Amino acid sequence: MGYDQKDLEARWQDWWEAEEIYRFDPEKLENVYSIDNPPRYASGGLHIGHATHYTHIDFAARYHRMHGNNVFFPLCFDVNGIPIEERVERKYGLTRKEIERHEFVKMCEEFAENNIGEMTRQFKILGESMDPSIFYQTNAEYYRRLTQISFIRLFDRGLVYKGERPINWCPRCMTAMADAEVEHRPRKTQLNYIHFSLDDGFPLVIATTRPELLATCQMIAISPDDDRADKLVGRKATTPIYNREVEIVADEKVDPNFGTGVVMICSIGDRDDLEWINKYDLNLEIAIDESGHMTDIVGYELEGMEVPRARIVMLDRLSSSGLIERAEDIEQNVGACWRCHHPMEFIVKPQWFLKTMPFKEQVMEAANDMRWFPEFMKIRLKDWVDSLQWDWVVSRQRYFATPIPLWECEECGEVVIAREDDCYVDPTIDTPPQAKCSCGGSLIGCEDVFDTWMDSSISPLYNTFWERDEKLFNALYPMSLRPQAHDIIRTWAFYTILRDTLLTGEKPFKDIMMDGFILSEDGTPMHASKGNVIDPIGVLEEHGADALRYYAANCALGEDNAFRMKDVTRGTRLCRKLFNVSSFIGNSLEGLEGAPERPSELRPTDHWILSEFDAVVSKATASCEEYRFDVAMREAEYFLWHQLADHYLELIKHRVRENDPAALYTLYTVGLGTVKLIAPFLPHITEECYQSWYKDHEGAKSVHVSSWPVELGFDADAAKKGEAVSQVAAAVRRWKSENGVALNQPVETAGIVSEIDLSDCISDITGPTSIQDLQFPSSDEIETKPTGAKPKFDLIGPEFRGDAGMIIGAIQSEDPVAIIGGRTIDVGGKEVVLKDYADIQVSTVYKGEAVDTEEEELVTVILTKNE
RNA sequence: GGGCCAGUGGUCUAGUGGUUAUGACGCUGCCCUUACAAGGCAGUGGUCGGCGGUUCGAAUCCGCCCUGGCCCACCA
């Protein structure tokens with residue numbers, strides 16, 4: 001008998017959807033577990049990393065759902081921003097500037113809608129339990145409205161300002177970027193040694209990587225520790241080509257050991273230049289425009305050239321005039337746009353800022369009030385917060401995003417902010433709340449849009465009905481869990497904590513769970529160019545969602561995990577094992593009405609498996625509470641496979657044939673419990689097992705809304721006895737295997753030597769082992785021959801500390817017979833009885849005959865071959 | 001340059017002071033035992049990255065170093 005994994009997955013996915021198994025109930029607010037699910041960016045399909053991350057989140061959702069929680073787990077999409085704009089531009093072979101703004105936005109919306117449809121399907125076939133009844137997308141007016149209101153609130157509190165100062169600018173995306181969106185990439189470039197001149201001919205060579213900015217050189221700096229400083233500081237040098245007289249100053253930031261130890265200060269090459277310009281109050285001379293071309297300041301034929309070309313031309317010019325001493329290759333880190341990887345420039349253009357710098361402490365206070373999983377991820381947030389130097393620039397010069405809801409007066413620059421009641425508004429279309437500025441000037445709608453993190457950073461506010469339903473908000477905020485990947489700590493996590501704390505005075509979530517990245521099978525990052533990209537949908541179609549989810553379950557939280565195909569294969573096997581075990585148990589229960597009652601008498605083997613079950617329930621539950629799903633999965637799997645299936649089932653088959661109520665009760669309880677423990681991880685096969693064999697007895701509609709198993713209790717002494725019985729069976733099996741005896745062949749006689757009295761377990765032992773004559777030899781029938789002694793380190797160490805070595809040595813070197821005989825040694829004037837601190841190993845002779853002994857931890861089984 | 005994480009049989013991996021270091025994959029041998037041969041049983045295989053320290057005892061704690069990954073950082 002078999003089953004078809006693909007078929008049953010599709011079947012249950014449709015059924016869950018039709019029956020709304022995962023629906024959040026807004027009426028039941030006492031026991032909510034809410035997940036601030038990351039809205040999936042709607043630029044394309046899911047890759048294996050997404051699939052794994054969302055599956056981890058799904059584990060949390062399903063685990064808490066089985067605790068009777070009303071789980072809030074929205075299906076949601078992030079639909080704003082540059083990547084979608086870029087995909088659309090590529091798809092239609094145009095740029096956004098070539099087409100009417102609102103027309104372009106429409107194209108972006110359409111593009112995103114298609115992706116949302118496909119990704120929704122992908123979430124479904126992965127078995128994710130997101131609830132479509134609380135669907136949202138960040139570009140919808142209902143969401144953008146809230147983005148705007150949240151901005152207006154902060155604006156009204158004076159936390160928003162318009163500033164004209166240098167900002168990160170991506171010449172390709174043609175927009176401002178926040179520091180968080182700048183990534184640093186190593187790049188090879190040339191350090192050029194250029195001759196400057198002094199009036200007296202003193203040789204002054206300056207090394208620079210950006211000769212194209214020579215026109216804006218306004219000052220030269222040298223380290224005060226430099227030997228030449230005395231001679232140079234305060235004098236003027238003349239720049240090459242442009243022949244500009246510039247002052248030489250001493251500045252401690254200059255490293256005397258880099259280049260020539262002399263720096264030209266330009267506006268604006270990098271952040272150092274910015275600092276110096278402020279420090280020395282220099283003019284901002286802008287050599288590079290918004291599109292990355294040189295401005296008229298640079299003159300000559302350089303004007304209008306793109307930066308890299310201008311650099312080459314400038315170097316040509318310098319070198320043909322003999323002004324270049326030499327050039328060397330160096331590697332430097334340059335800031336690049338996180339989206340398109342184009343090198344960033346600093347430019348000056350008025351932008352909107354949200355005050356961030358004053359709230360660093362507040363953010364960390366909120367962060368410290370959350371539980372971080374894993375804990376060390378909090379350090380990354382702290383590092384980022386500590387390193388912040390600028391307020392957050394929230395305006396972008398793009399189209400497909402939430403409009404900034406304000407108008408500005410043409411005449412006096414006064415800002416008129418939108419009324420909250422009017423939101424959502426688009427100032428490029430909608431009329432302002434007042435016809436004219438108070439000065440009488442016309443109001444112009446703001447054409448800038450928000451950084452997309454302005455939208456996503458209020459997801460906890462959106463989810464909890466902030467400003468829409470106070471009752472729901474009070475019940476739902478803060479949310480239970482923020483799951484996310486560690487690469488967006490400085491953006492999503494930081495901005496969310498910042499804004500939501502500012503707006504509500506309270507942290508946005510209680511727990512935060514950080515996922516790592518998924519690497520290719522060889523442990524390196526996946527890249528399309530390397531051909532090592534794993535397509536989750538392909539894996540899923542071949543092996544099924546449960547198998548892929550089994551891989552996901554084996555990924556440790558917070559760590560980068562390589563994709564392991566063999567885990568997928570093992571997942572398939574685990575599904576089969578679970579199905580077969582459940583089928584055996586289900587068939588055994590056939591004819592039974594309702595759930596089997598716990599009989600007053602259970603056999604020791606029942607107590608044993610129940611004790612193991614309690615242990616696994618306890619460990620799995622504790623692990624899931626801390627989002628260590630890999631641990632829970634491993635525990636449950638080990639129990640199912642190596643305790644329940646390999647041992648217990650074999651031990652009680654003979655009792656099942658006789659419909660023993662104790663065996664049936666135990667099988668039912670442990671079997672069902674195991675299905676439940678595995679249900680969050682492998683939702684399809686467990687639902688199949690539940691519906692086929694357990695539902696009629698327990699009665700829950702679906703395993704996923706049934707109750708998480710609890711510890712049932714057991715008799716510890718009986719459990720120990722049961723464990724001994726299980727060891728006898730294993731020993732007999734091993735002995736048969738080693739001696740070429742067929743497993744179903746009866747054993748004529750066998751003896752058991754054990755400190756545990758198993759005389760009331762005869763049928764428990766003979767049943768599974770087919771021993772015909774089971775004996776419990778008394779001590780005088782057995783001759784034990786000591787063969788060695790092992791020190792009990794855990795006793796000796798704490799008691800004798802520094803003298804432990806003497807006792808250990810004595811036990812190891814003494815004749816074991818003498819140790820049994822009560823040999824003592826003198827330790828610091830005290831007599832120590834060695835046998836109290838040693839385990840004696842013995843070989844056994846039974847009735848004078850040479851016998852095979854199979855040693856287990858609790859029992860020794862004496863066996864003789866039938867001749 | 002700073003920070004974080006990791007380094008355990010051929011491969012992947014569990015294990016935050018106490019007998020003989022866990023399990024999986026692989027490999028070898030045996031077994032169709034009536035839930036499962038994509039299964040079971042047994043075996044093979046490890047100087048726990050290196051050096052030093054603390055301790056009666058270290059894969060585990062401390063220090064230094066090496067290797068890999070990630071995050072952060074202005075070297076013009």
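Below, chains carry the letters A, B, ... as their sequence lines are ordered, and counting in each starts from 1. Being a predicted model, the structure only gives us computed values, none of them experimental.
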Measure from the ring center of A:F681 to the ring center of A:Y550 and say whether it is less than 6.0 Å. no
Nucleotide nearest A:S387 (side chain, heavy atoms from C-beta), chosen from B:rC25, B:rA73, B:rC36: B:rA73
Looking at residues 547-563 of chain A, who's got a heavy atom less than 4.0 Å off RNA chain B? A:D560
Is the phosphate of B:rG40, meaning OP1 or OP2, less than 4.0 Å from a side-chain N or O of A:K577? yes
Touch check for A:R734, heavy atoms < 4.0 angstrom, all strands: base, sugar-phosphate only, or nothing? sugar-phosphate
Just compare B:rG3, B:rA35, B:rA76 and give me whichever is closest to any side-chain atom of A:N580. B:rA35
From C-beta outward on A:R380, which listed nucleotide comes closest to its side chain: B:rC70, B:rC56, B:rA35? B:rC70
Proximal nucleotide (of B:rA76, B:rA73, B:rC41) relative to the A:D255 side chain: B:rA76
Quick one: is B:rC72 close enough that its OP1 or OP2 comes under 4.0 Å of any side-chain N or O from A:R490? yes
Identify whether any heavy atom of A:F800 sits under 4.0 Å from a base atom; if not, whether one sits that close to sugar-phosphate; answer base, sugar-phosphate or nothing. nothing
Between B:rC12, B:rA35, B:rG40, which nucleotide gets closest to the side-chain atoms of A:D646? B:rG40
Are A:R634 and A:W641 in a cation-pi contact, defined as NZ or CZ under 6.0 Å from the six-membered ring centre and within 45° of the axis? no
Under 4.0 Å between a side-chain N/O of A:R573 and OP1 or OP2 of B:rG39, yes or no? yes
How long is the line joining CZ of A:R564 and P of B:rU11, in whole Å? 15 Å
Rounding to 0.5 Å, atoms NZ (A:K382) and CD1 (A:I489) come to a distance of 14.0 Å
Side-chain N,O (A:W641) to OP1/OP2 (B:rG40) below 4.0 Å: yes
Has the side chain of A:K253 got a donor or acceptor that lies under 3.5 Å from a partner of the other kind on the base of B:rC75? no
Taking atom CD as the centre, does A:E590 end up with more than 12 heavy-atom neighbours from other residues, nucleotides or ligands that are less than 6.0 angstrom away? no
Counting only heavy atoms not in A:E658, do more than 12 fall under 6.0 Å of its CD? yes
Would you say B:rA73 has OP1 or OP2 under 4.0 Å from some side-chain N or O of A:H184? yes
Would you say A:K6 has more than 12 foreign heavy atoms packed within less than 6.0 Å of its NZ? no
Please determine, for B:rU34, whether a Watson-Crick or G-U wobble partner exists with both distances under 3.5 Å, and give it or none. none
